[in-house]
Number of protein chains: 2
Amino acid sequence: MSLRYALLSLLTGQPKTGYEIGKAFESSVGHVWHAADSQIYPELRRMEADGLLDCTAQAKGRTTRKVYAVSAAGKRALRDWLAEPDRPVRSRDPQYLRAAYLDWTTPEAARAQFEEYVRYYTEQGELLRRTRDSLLDRSHPVLAARLERLPAEQHEAVVAFKAFAYEGMLRQAEQQVAWAREGLELVDRLERSGAYAALD
Amino acid sequence: MSLRYALLSLLTGQPKTGYEIGKAFESSVGHVWHAADSQIYPELRRMEADGLLDCTAQAKGRTTRKVYAVSAAGKRALRDWLAEPDRPVRSRDPQYLRAAYLDWTTPEAARAQFEEYVRYYTEQGELLRRTRDSLLDRSHPVLAARLERLPAEQHEAVVAFKAFAYEGMLRQAEQQVAWAREGLELVDRLERSGAYAALD
DNA sequence: AGCTTCATGTAATCCGTTACATGATTCC
DNA sequence: GGAATCATGTAACGGATTACATGAAGCT
């Protein structure tokens with residue numbers, strides 16, 4: 001269901017075509033809630049059928065493109081969802097699952113896992129930091145387009161919540177990097193102490 | 001696919017019946033990879049069909065229960081999976097998604113969200129800390145049963161990786177609490193500065 | 001006699017992933 | 001003329017959630 005609200009949120013900024021949504025998604029909400037194009041197009045149709053979006057066909061050259069805008073019912077749905085109590089998601093992280101059983105594999109394989117975590121979350125953290133900064137200085141294009149259509153007194157809150165969400169994700173990523181580095185040390189320590197015994 | 005490996009990992013500790021697996025799951029791997037009973041039973045059957053588990057029917061009173069044990073192929077599969085490069089999961093967190101758009105709702109609703117996050121992750125953190133500690137002092141029943149069947153020189157690594165995984169999840173939870181508390185402050189600050197304007 | 005725990009599932013539905021599919025337009 | 005980007009999807013499959021379903025054993 002969250003994809004629906006991610007799309008709704010994105011479109012409150014500005015009406016967009018399916019394709020533009022796909023692009024804007026990747027550089028904004030998509031960091032928070034990832035979705036592929038093949039999921040986005042059908043969902044837009046369903047949302048239109050449910051009356052959450054208004055769709056107007058626009059001729060452009062020979063092809064027609066569909067511009068989607070949030071309807072009044074869509075705004076209501078978004079606002080209801082925001083106020084809804086959030087049933088927290090139960091953890092389901094393949095990484096921690098693997099980490100818990102690394103005694104089953106070789107020190108080399110264990111190290112490779114942690115190295116990959118460090119690499120991935122370092123990169124992810126950089127992306128999140130860049131994005132957060134571009135929100136704070138309001139240079140982020142999707143945000144900038146949104147702000148243009150809003151009165152100045154709302155800008156502060158709009159920016160603050162978005163930057164704050166990225167801040168949270170950024171800290172998670174940084175924490176993951178620190179954790180994975182400790183994992184590498186753990187593997188070294190266990191190997192030095194001869195704790196890696198043969199497995200059956 | 002991870003459920004399969006979660007079950008495999010759990011069963012390397014000791015053969016179990018479906019029901020025991022369900023129980024043990026809840027108090028161990030289930031913290032890391034949550035799954036409902038209705039998912040576990042069919043998956044066990046599929047794993048047996050795929051040759052990863054050996055299943056022997058045991059009469060118990062009038063009913064028969066099935067005891068599942070990891071086969072040689074199952075051990076191989078687990079080991080292969082542990083060495084496999086982990087394609088990191090793209091973020092998909094309804095919480096951050098909501099947080100990013102809280103300017104759309106009232107300060108009261110925003111506060112309620114953050115309060116709920118604080119509550120949930122505090123509780124979750126306590127559970128994770130208790131579990132980590134019971135792993136470290138080896139009093140955790142599922143772990144204790146596993147260790148009994150392993151030579152003493154392997155105990156250190158087995159315990160260390162499990163505690164380390166919980167440690168990582170614990171820090172995530174603590175970080176979430178700190179973040180949500182800052183969210184409450186943010187809402188207060190925005191409200192005081194009159195940044196909550198009327199929405200359309 | 002009634003509650004809890006043991007014991008094992010099925011069915012429907014939803015959500016997400018992967019792979020495939022097609023064609024126009026714009027820029028170089 | 002060819003590449004990138006614009007533009008919009010379908011189909012098959014897999015995995016997870018929710019709700020439903022049943023019945024015995026053991027304890028109080």
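Keep in mind that what you see is a predicted model, and the values were worked out from it rather than measured. Each chain gets a letter, A, B and so on, in the order its sequence line appears, and its residues count up from 1.
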>> Minimum heavy-atom separation for B/E20 and B/K16, please, with both atom names.
In response: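 What the structure gives for the nearest pair is OE1-CA, 3.4 Å.
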
>> To check you understand the geometry: which heavy-atom pair defines the closest contact between A/L52 and A/A73, and what is its length?
In response: CD2-O, 3.9 Å

Looking at [Y] and [X], is any side-chain nitrogen of the basic one under 4.0 Å from a carboxylate oxygen of the acidic one?
X: A/R181; Y: A/E185; result: no
X: A/E148; Y: A/R138; result: no
X: A/E115; Y: A/R119; result: no
X: A/K66; Y: A/E48; result: no

>> Starting the side chain at C-beta, find the nucleotide from C/dA7, D/dT8, D/dT18 nearest to B/A36.
In response: D/dT18

Just how far, in rounded Å, is [atom2] of [N] from [atom1] of [X]?
X: B/Y41; N: D/dG23; atom1: OH; atom2: P; result: 17 Å
X: B/K16; N: C/dC6; atom1: NZ; atom2: C1'; result: 16 Å
X: A/K66; N: D/dC6; atom1: NZ; atom2: C1'; result: 15 Å
X: B/Y19; N: C/dT8; atom1: OH; atom2: P; result: 10 Å
X: A/I40; N: C/dC15; atom1: CD1; atom2: P; result: 15 Å
X: A/Q58; N: D/dC6; atom1: CD; atom2: C1'; result: 14 Å
X: B/E48; N: C/dT8; atom1: CD; atom2: P; result: 12 Å
X: A/R4; N: C/dC14; atom1: CZ; atom2: C1'; result: 12 Å

> For A/W33, is the NZ or CZ atom of B/R92 found under 6.0 angstrom from the centre of its six-membered ring and inside 45 degrees of the ring axis?
Replying inline: yes

> If you pin B/K23 and B/R45 to their nearest nucleotides in DNA chain C, which one's is more 5'?
Replying inline: B/K23

> With nearest nucleotides of DNA chain C determined for B/D37 and B/R90 from heavy-atom distances, which residue corresponds to the more 5′ nucleotide?
Replying inline: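 By nearest-heavy-atom nucleotide position, the 5'-most residue is B/D37.
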
> Does B/V158 reach the side chain of B/L143, with side-chain heavy atoms less than 4.5 Å apart?
Replying inline: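 A side-chain contact exists here, since the closest heavy-atom pair is under 4.5 Å.
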
Protein and nucleotides 12-16 of chain D: nitrogen or oxygen contacts under 3.5 angstrom:
residue: D/dA16; atom: OP2; partner: B/Q39; partner atom: NE2; Å: 2.7
residue: D/dA16; atom: O5'; partner: B/Q39; partner atom: NE2; Å: 3.3
residue: D/dA16; atom: O3'; partner: A/R92; partner atom: NH1; Å: 3.2

>> Which residue in the set A/Y120, A/W179, A/Y121 passes ring pair (Phe, Tyr, Trp, His ring centres under 6.0 Å) when paired with A/F114?
In response: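 Looking at A/Y120, A/W179, A/Y121, the match for A/F114 under the ring pair (Phe, Tyr, Trp, His ring centres under 6.0 Å) is A/W179.
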
Sort me out a list of protein N/O and nucleotides 20-22 of chain D N/O pairs below 3.5 Å, or just none if empty.
none

